[in-house]
Protein chains: 2
Amino acid sequence: MKLDSEHLEILAMIVEKGGLTEGAEALGKSQPSVSRTMALLEDRIGAPLFEPGKRPLRPTELGENLARLGARIHALNAEASRLVQSYRRGHTGRLRIAGTPIFMDGVVSTFIADFQTRHPDVQIAQSYGYFDQLATSLRNGGLDMAIVPLHQGSVPADMSFVPLLPGRNVIAARAGHPLTRRKTITLADIEPYPWIAPPADSPLFRDLQRALKSIGKEDFRVSFSGGTLASIISILAGSDSLTVLPYSVVFLTRKTSGLEALRLKIEHPDRQLGMLTFDRASLPPALRQFGDFLKDEVALLEARIQHEAQVTRRRG
Amino acid sequence: MKLDSEHLEILAMIVEKGGLTEGAEALGKSQPSVSRTMALLEDRIGAPLFEPGKRPLRPTELGENLARLGARIHALNAEASRLVQSYRRGHTGRLRIAGTPIFMDGVVSTFIADFQTRHPDVQIAQSYGYFDQLATSLRNGGLDMAIVPLHQGSVPADMSFVPLLPGRNVIAARAGHPLTRRKTITLADIEPYPWIAPPADSPLFRDLQRALKSIGKEDFRVSFSGGTLASIISILAGSDSLTVLPYSVVFLTRKTSGLEALRLKIEHPDRQLGMLTFDRASLPPALRQFGDFLKDEVALLEARIQHEAQVTRRRG
DNA sequence: GTCTAATATGATCTGATGTTATGAAGCTGG
DNA sequence: CCAGCTTCATAACATCAGATCATATTAGAC
């Protein structure tokens with residue numbers, strides 16, 4: 001014999017409020033409805049839940065015990081409702097976000113930290129990858145958002161792309177590097193220094209190749225490759241090596257990493273760093289929250305970058 | 001927005017069983033029914049509970065979290081069902097039982113102890129009282145059973161009475177009392193001894209008066225009155241006092257109390273000690289259990305009493 | 001691709017639950 | 001002790017969730 005949880009909740013409310021009429025009101029139901037429901041429940045149970053012939057309806061011992069269980073069921077049910085509400089508002093949920101390693105480590109993770117102080121109940125699972133793999137994960141539901149550099153024209157038809165920043169790369173070196181003071185840098189100037197390269201299959205590596213080619217340098221000596229941002233920063237800080245990094249990464253981490261961008265114009269890839277999502281019927285609401293947050297934060301970052309660029313230009 | 005607990009339970013089962021079809025089977029429902037229920041729940045929640053386009057149906061993160069709550073709700077609901085079952089079988093419940101003090105203390109409480117080792121989940125609230133008060137309590141639902149001496153003809157019309165023992169009273173004294181060895185006792189023999197009397201409003205007190213009158217003794221000296229059985233036993237044991245007690249009480253407690261019945265025939269009230277209940281539509285099932293138990297136990301006791309009486313007669 | 005098993009949908013019926021109106025019965029205060 | 005108030009139960013009806021069987025659809029596997 002299975003009881004109806006709803007019935008038990010109603011019973012609990014009646015007992016709590018001390019009467020059927022009050023209970024019905026508290027439940028937002030009509031008094032006859034509640035009365036009949038209790039009659040039905042008593043029939044099924046085969047035992048009285050209320051003392052017979054008592055007018056402010058008083059529960060029997062069995063009624064009281066069942067009401068206690070009903071109250072606990074009600075609490076769980078209410079918790080479920082709260083969970084759903086919180087989820088729908090994007091305040092709860094699990095987000096699986098992946099992106100190109102350097103940008104994730106250098107920029108996005110900072111903002112994830114900020115986001116989580118605001119929405120502590122949103123779990124974020126971060127991982128790394130490049131476009132093809134990430135697109136596959138998005139399609140098969142293994143990922144909620146990819147943060148990748150992408151050309152506007154090459155956004156897959158079944159996906160949405162929200163640009164965050166232009167894919168502006170710079171040559172970076174340690175703050176005290178001989179080249180960082182120079183106003184103009186020639187190809188010959190950078191000739192002596194070894195290079196640190198991102199993994200060979202990363203877009204950043206191709207950027208590096210293209211950038212150097214654009215200033216006429218066809219081959220370059222790679223002294224270290226494949227590390228994450230933390231390794232790259234360590235190596236750069238401890239040597240005179242050079243590398244290519246997104247300017248946003250240099251800008252954000254320079255306080256703590258001691259990196260600087262060389263004043264050497266290199267070709268910018270015609271891509272935008274942005275948020276890629278698969279067009280499903282419904283995306284997790286927390287994803288919208290996160291996307292909006294990230295867009296706002298990155299816009300602020302971009303404004304700071306632009307501001308400094310103007311100041312720098314003005315100063316010469 | 002209120003969710004249906006039943007829906008959450010179904011969700012929990014689907015997640016537990018790893019698929020809708022299996023879940024439906026485990027729930028004893030048809031597959032289409034469960035499918036539509038989940039569709040309805042998703043509509044109400046406004047978010048998917050299952051990964052879209054996955055064939056062994058797999059829950060989303062929200063689905064999993066709600067399923068956890070559903071499982072807990074299910075556990076509570078099942079506990080409610082068990083409680084009802086246990087109650088209906090008389091294995092759970094609260095019984096409020098009252099009776100005349102001496103008989104309750106001397107006989108019934110012993111059997112209550114035995115009953116509770118068999119049915120530990122039946123709470124028994126014992127109290128004391130005489131007929132009028134107990135009948136009132138039975139009628140207004142403050143009491144489940146009264147154990148009283150009653151004449152068959154004076155059972156109220158709205159009550160049921162199940163006799164347990166004849167209301168056989170004896171004159172009791174301590175085991176070593178001068179009168180306990182005598183085969184025949186005369187009025188003159190008992191003259192010197194003081195009496196212990198039950199409370200003046202108790203039926204036992206009236207029995208005492210009647211009994212003494214029946215053997216020609218019109219007045220008697222009361223040295224102590226009003227105590228419970230424990231006091232009476234103490235006083236009797238420490239003096240040569242006499243009193244009137246139900247034979248069953250003397251029989252059951254003599255081992256530990258050191259009381260004996262004098263071999264003096266006194267008039268027996270034409271009453272039976274028995275169980276009185278108010279005829280309600282439904283009595284607590286545990287009450288039936290207890291009533292049956294008490295009837296059986298007292299029948300055994302009566303058999304022992306009869307057996308001993310025969311042996312004693314034969315020996316002279 | 002094709003086949004199979006899992007899920008969704010259509011059509012239909014039953015029963016629970018909601019409503020308003022009204023009857024019955026306990027409680028209360030003079 | 002009776003009148004009147006309050007509380008609960010019942011009647012009559014409307015609605016919708018939820019059950020069924022039959023069948024369409026589709027994801028996964030070989």
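We name chains A, B, ... by the order of the sequence lines, and we start the count at 1 in each one. These numbers come from a predicted model, not from an experiment.
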Select one nucleotide: of [options], the one nearest the side-chain heavy atoms of [X].
{"X": "A/Pro32", "options": "C/dA16, D/dA9, D/dA12", "result": "D/dA9"}
{"X": "A/Leu40", "options": "C/dT7, C/dG18, C/dA16", "result": "C/dA16"}
{"X": "B/Leu20", "options": "D/dG18, D/dT10, C/dA8", "result": "C/dA8"}
{"X": "A/Ser30", "options": "D/dT20, D/dA19, C/dT19", "result": "C/dT19"}
{"X": "A/Ser35", "options": "D/dA9, D/dC8, D/dG28", "result": "D/dA9"}

Rounded to the nearest angstrom, tell me the gap between atom [atom1] in [X] and atom [atom2] in [N].
{"X": "B/Leu27", "N": "D/dA19", "atom1": "CG", "atom2": "C1'", "result": "14 Å"}
{"X": "B/Ile10", "N": "D/dG18", "atom1": "CD1", "atom2": "P", "result": "7 Å"}
{"X": "B/Asp43", "N": "C/dT9", "atom1": "CG", "atom2": "P", "result": "10 Å"}
{"X": "B/Glu25", "N": "C/dA6", "atom1": "CD", "atom2": "P", "result": "10 Å"}
{"X": "B/Arg36", "N": "C/dG10", "atom1": "CZ", "atom2": "P", "result": "9 Å"}
{"X": "B/Phe50", "N": "C/dA6", "atom1": "CZ", "atom2": "P", "result": "15 Å"}
{"X": "A/Arg58", "N": "D/dT7", "atom1": "CZ", "atom2": "C1'", "result": "15 Å"}
{"X": "B/Leu57", "N": "D/dT25", "atom1": "CG", "atom2": "P", "result": "19 Å"}

At under 4.0 Å, does any side-chain N or O of [X] touch on OP1 or OP2 of [N]?
{"X": "B/Thr21", "N": "C/dT7", "value": "yes"}
{"X": "B/His7", "N": "D/dA17", "value": "no"}
{"X": "B/Lys29", "N": "D/dG18", "value": "no"}

State plainly whether the residues [X] and [Y] are in salt-bridge range, i.e. N to O under 4.0 Å.
{"X": "B/Lys29", "Y": "B/Glu9", "answer": "no"}
{"X": "B/Asp144", "Y": "B/Arg280", "answer": "yes"}
{"X": "B/Arg94", "Y": "A/Glu64", "answer": "no"}

Just checking, any donor-acceptor pair under 3.5 angstrom between side chains of A/Tyr87 and B/Asn65?
-> no
What nucleic acid atoms does B/Arg44 come within less than 4.0 Å of, heavy atoms only: base, sugar-phosphate, or nothing?
-> sugar-phosphate
Please evaluate the base of C/dA8 for a donor-acceptor partner in the side chain of B/Gln31 within a cut-off of under 3.5 Å?
-> yes
From CA spacing to verdict: side-chain hydrogen bond (donor to acceptor under 3.5 Å, both in side chains), A/Asp121, A/His91 = CA-CA 6 Å; A/Asp121 289 337; A/His91 299 158; over 6 Å; no
